[in-house]
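Inspection log for the structure reproduced underneath, given as structure tokens.
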Amino acid sequence: MLFAIQQEGKVFTGGKDDWAGAAEAAGNCADFRADVEEEMIADEPVSCYNCRFRRWTSSSFTCQKN
């Protein structure tokens, strides 16, 4: 499971270093939208790390769409 419902919302369980998991999740997401170029951090263009609907937390990010 790539996301868990927590107090903060739908949190990515891979944290900030699961590059493959973030790409997999985004590839399976109908709501993925690329963020502005300055906010993109992953080399893989389709990645939750590059999505305009992610909000960073101290250890991961929350998805504001799914």
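Quick note: numbers below take in every heavy atom, side chains included, and nothing from hydrogens, waters or symmetry partners.
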Within residues 53-62 or reaching into it, pairs that qualify as side-chain hydrogen bond (donor to acceptor under 3.5 Å, both in side chains) - sequence neighbours excluded: D35-R54, T62-Q64
- prompt: Atom CD1 of I41 and atom CD of E44: how far apart are they, to the nearest 0.5 Å?
  reply: 13.0 Å
- line: When every non-hydrogen atom of F61 is compared with those of C48, the smallest separation belongs to CZ-CB, 3.3 Å
- request: First locate atom CD of E39, then atom CZ of R52, and finally report the distance between them rounded to the nearest 0.5 Å.
  value: 12.0 Å
- request: Provide the closest heavy-atom pair for N50 versus A42 in the form atom of the first, atom of the second, distance.
  value: OD1-N, 3.0 Å
- line: Applied to residues 14-37, the ring pair (Phe, Tyr, Trp, His ring centres under 6.0 Å) test, sequence neighbours excluded, yields W19-Y49
- request: Return each pair, listed once, that meets salt bridge (Lys or Arg N to Asp or Glu O under 4.0 Å) where at least one residue sits in residues 11-29; pairs must be two or more places apart or across chains.
  value: none
- prompt: Is the number of heavy atoms from other residues, nucleotides or ligands within 6.0 Å of CG (N28) greater than 12?
  reply: yes
message: Just verifying a value: how many Å separate C63 SG and F12 CZ, rounded to the nearest 0.5 Å?
response: 11.0 Å
